[in-house]
There are 2 protein chains.
Amino acid sequence: MPKTMTKSAQDYLKRIYELTECGLPASTNDLARELEIKPASVTGMIQKLAAEKPALVEYQKHQGVTLTPAGKRAALEVIRHHRLLETWLVQTLGYSWDEVHEEAERLEHVISEDFERRIAAALGNPTRDPHGELIPTEDLKMPVDDSTPLSALRPNQSATIQRVISQDPNLLRHLNSLGLTPGVQIEITDYSSFDNNLTVKVGRKSNVLGLNITTKIFVEIE
Amino acid sequence: MPKTMTKSAQDYLKRIYELTECGLPASTNDLARELEIKPASVTGMIQKLAAEKPALVEYQKHQGVTLTPAGKRAALEVIRHHRLLETWLVQTLGYSWDEVHEEAERLEHVISEDFERRIAAALGNPTRDPHGELIPTEDLKMPVDDSTPLSALRPNQSATIQRVISQDPNLLRHLNSLGLTPGVQIEITDYSSFDNNLTVKVGRKSNVLGLNITTKIFVEIE
DNA sequence: AAATATATTTAGTCAAGACTAAATTTTAGA
DNA sequence: TCTAAAATTTAGTCTTGACTAAATATATTT
Ligand SMILES: [Mn+2]
Ligand SMILES: [Mn+2]
Ligand SMILES: [Mn+2]
Ligand SMILES: [Mn+2]
């Protein structure tokens with residue numbers, strides 16, 4: 001593995017991991033948008049990552065990038081740091097799930113492997129972070145997630161919320177106020193085919209949720 | 001205050017603070033040694049810090065540097081981070097006092113003010129770190145330390161260890177094994193004027209300590 | 001199949017922060 | 001006080017990772 005890894009390289013690899021989870025290469029433009037870096041700069045960094053020995057990304061001009069095994073390991077290392085940190089900020093310092101992302105984004109690059117092991121052990125080797133995202137294992141395998149988007153459910157189905165994919169603090173606070181957080185049981189009571197709204201019952205309260213929300217909540221059907 | 005502050009600038013300011021505690025300006029060479037950076041590079045950075053608006057250091061060629069009020073505030077902010085982090089790593093993650101310095105050295109630059117407040121509160125606003133160093137207050141005042149170097153004590157004097165100024169893990173482990181840690185009561189039973197060795201009683205054990213050690217332990221005389 | 005629009009890459013620039021080698025002070029010794 | 005040593009600064013270079021503007025390749029329309 002490459003001796004040192006800059007914060008920048010780590011952030012690129014992490015984003016490439018996320019963008020290629022669907023199986024397709026990550027495009028320069030998508031990466032640029034996610035990283036908030038101009039496309040020209042992204043091309044430059046991609047070429048550098050591809051030139052490392054061993055290569056961290058597989059790159060062909062105009063065809064996007066994918067991670068090599070070494071790049072994937074590096075990405076999973078950062079993602080493990082990030083998700084353990086978020087979990088730990090929530091559990092031990094009383095952060096709420098909408099406050100942890102930014103902090104973890106900076107800490108993830110500087111903690112030691114020792115620190116990583118200590119917080120993992122202190123938390124009891126958790127498998128999911130506060131948003132329900134799976135935490136890569138210590139040997140850097142990403143567990144498989146078999147959850148379904150809430151948007152795919154229909155009336156009379158029951159489910160448990162597994163994860164919420166959003167880093168938008170406002171949305172997270174909103175969902176929290178509705179009681180829509182990982183672990184919570186829900187039931188679908190209505191569906192409108194016109195706007196794809198779902199009526200979701202949590203406890204004794206019901207809420208009508210649009211696609212913008214239901215595609216971001218993933219559940220396990222019962 | 002300057003908008004952003006790089007890790008480098010923070011490390012420079014922290015070292016300048018430490019080197020100027022005695023009242024004298026910090027020399028280029030001393031800074032270079034402490035920072036493990038070549039003197040020529042130190043000159044360059046000093047000039048940059050002096051040119052900031054507001055200036056962070058007072059600098060006259062060949063005369064060394066001192067901190068301006070703004071530079072001192074920035075230094076104390078980093079030192080507060082460092083010492084709170086060390087305390088917290090020891091208290092909540094089971095680090096020993098010889099393991100925390102390196103980790104804190106990296107974390108100190110990336111934690112938010114929110115994080116700082118949270119760990120300070122969780123620790124009960126501690127006044128000293130695991131080495132007994134005073135922690136700057138939230139409003140960035142450095143408490144005064146009235147402790148005496150152990151080397152100044154003579155037979156029949158009793159004292160309590162306040163702080164140990166060393167970042168050398170080997171020395172710290174050695175002192176730990178001798179029971180010479182902050183808070184511990186000691187008594188001087190012998191002194192040799194030839195080599196300045198002191199015989200120090202801790203509990204029921206006695207140890208003969210040379211100047212290399214006795215100048216690094218600070219005590220409160222009883 | 002052109003023509004246009006979009007995406008991507010190249011070329012050249014910049015700032016930060018380090019380094020080496022050479023020049024210049026300052027300090028200390030004889 | 002003059003000289004040699006030590007400390008410090010200057011000048012010029014390098015790497016990293018950004019940026020803009022311009023060139024080129026790919027995709028989408030007509
Ligand atoms: Mn996150
Ligand atoms: Mn990050
Ligand atoms: Mn320390
Ligand atoms: Mn540091």
Side-chain angles (χ1 to χ4, degrees), chain A residues 1-16 19-20 22 24-53 55-66 71 74-75 78 105-106 108-110, chain B residues 1-16 19-20 22 24-53 55-66 71 74-75 78 105-106 108-110:
Chain A
M1 46 227 84
K3 46 255 79 199
T4 41
M5 178 85 69
T6 65
K7 168 198 170 333
S8 275
Q10 290 180 340
D11 279 337
Y12 274 87
L13 294 172
K14 191 171 59 159
R15 298 305 180 177
I16 295 170
L19 289 171
T20 55
C22 62
L24 299 171
S27 76
T28 302
N29 260 9
D30 287 353
L31 263 173
R33 183 174 25 74
E34 292 294 316
L35 291 163
E36 300 182 89
I37 285 172
K38 293 289 178 290
S41 308
V42 170
T43 298
M45 177 61 95
I46 282 173
Q47 291 174 343
K48 203 165 341 186
L49 295 174
E52 294 271 336
K53 296 196 302 194
L56 298 168
V57 301
E58 175 76 32
Y59 167 63
Q60 307 220 99
K61 276 177 195 173
H62 298 278
Q63 307 305 133
V65 275
T66 56
V78 183
E105 197 65 40
R106 281 174 282 110
E108 64 188 5
H109 307 291
V110 305
Chain B
M1 45 227 83
K3 46 258 70 210
T4 40
M5 178 85 68
T6 65
K7 168 198 172 328
S8 275
Q10 290 180 339
D11 279 336
Y12 274 87
L13 295 172
K14 190 170 60 158
R15 298 304 180 179
I16 295 169
L19 289 170
T20 56
C22 62
L24 299 170
S27 76
T28 300
N29 260 8
D30 287 353
L31 262 174
R33 183 173 27 72
E34 292 293 317
L35 290 163
E36 300 182 89
I37 286 172
K38 294 288 179 290
S41 308
V42 171
T43 299
M45 177 61 94
I46 283 173
Q47 291 173 342
K48 202 162 347 186
L49 294 173
E52 294 271 337
K53 295 196 303 193
L56 298 168
V57 301
E58 176 75 33
Y59 167 64
Q60 307 219 98
K61 276 178 198 173
H62 299 278
Q63 306 306 133
V65 275
T66 54
V78 182
E105 197 65 40
R106 282 173 281 111
E108 65 188 5
H109 307 292
V110 304

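In what follows, chains are A, B, ... by sequence order, proteins preceding strands, each numbered from 1. Quick caveat: nothing in here was measured; it's all calculated off a predicted structure.
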>> Do A:Ile37 and A:Tyr12 have side chains that approach each other closer than 4.5 Å (heavy atoms only, starting at C-beta)?
In response: yes
>> Go through it in stages, so that I can follow the logic: the residues are B:Leu13 and B:Met5, the test is side chain to side chain contact (heavy atoms under 4.5 Å, CB included), and I'd like the CA-CA distance, side-chain angles, deciding distance and then a yes or no.
In response: CA-CA 10 Å; B:Leu13 295 172; B:Met5 178 85 68; 3.9 Å; yes
> Within this structure, what is the CG-to-P distance between A:Leu31 and C:dT8, rounded to whole angstrom?
Replying inline: 10 Å
Could you go through nucleotides 14-17 of chain D and list every protein N or O atom that sits under 3.5 Å from one of its N or O atoms, giving the distance for each pair?
| unit_1 | atom_1 | unit_2 | atom_2 | d |
| --- | --- | --- | --- | --- |
| D:dG17 | OP1 | A:Thr6 | OG1 | 2.5 |

>> Once rounded to the nearest 0.5 Å, what's the spacing between atom NZ of B:Lys61 and atom CD of B:Gln47?
In response: 6.5 Å
> Given the rule in the salt bridge (charged side-chain N to carboxylate O under 4.0 Å, His left out) test, do B:Glu105 and B:Lys14 qualify, once you have shown the distances and angles that lead to the verdict?
Replying inline: CA-CA 11 Å; B:Glu105 197 65 40; B:Lys14 190 170 60 158; 2.6 Å; yes
> Does C:dG17 have OP1 or OP2 sitting under 4.0 Å from an N or O in the side chain of B:Ser41?
Replying inline: no
> Which atom pair, heavy atoms only, marks the closest approach of A:Ala55 to A:Ala50?
Replying inline: CB-O, 3.4 Å
> Does A:Lys7 come within less than 4.0 Å of A:Asp11, counting only side-chain N to carboxylate O?
Replying inline: yes
>> Tell me the interatomic distance from B:Met5, atom CE, to C:dA16, atom P, rounded to whole angstroms.
In response: 14 Å
> Does the side chain of B:Ile46 come within less than 4.5 Å of B:Leu31's, by heavy atoms?
Replying inline: yes
Got a list of protein N/O to nucleotides 5-8 of chain D N/O distances below 3.5 Å?
| unit_1 | atom_1 | unit_2 | atom_2 | d |
| --- | --- | --- | --- | --- |
| D:dT8 | OP2 | B:Asn29 | N | 2.7 |

> Expressed in angstrom and rounded to an integer, what is the separation of A:Gln47 atom CD from C:dA11 atom C1'?
Replying inline: 12 Å
>> Expressed as a whole number of angstroms, how long is the span from B:Glu36:CD to C:dG17:C1'?
In response: 16 Å
>> Can you measure A:Lys38 atom NZ to D:dA22 atom C1' for me and round it to whole angstrom units?
In response: 17 Å
> What is the distance from CD of A:Gln60 to P of D:dT26, rounded to the nearest Å?
Replying inline: 12 Å
>> With rounding to the nearest 0.5 angstrom, report the OG1 to NZ distance, B:Thr6 to B:Lys48.
In response: 8.0 Å
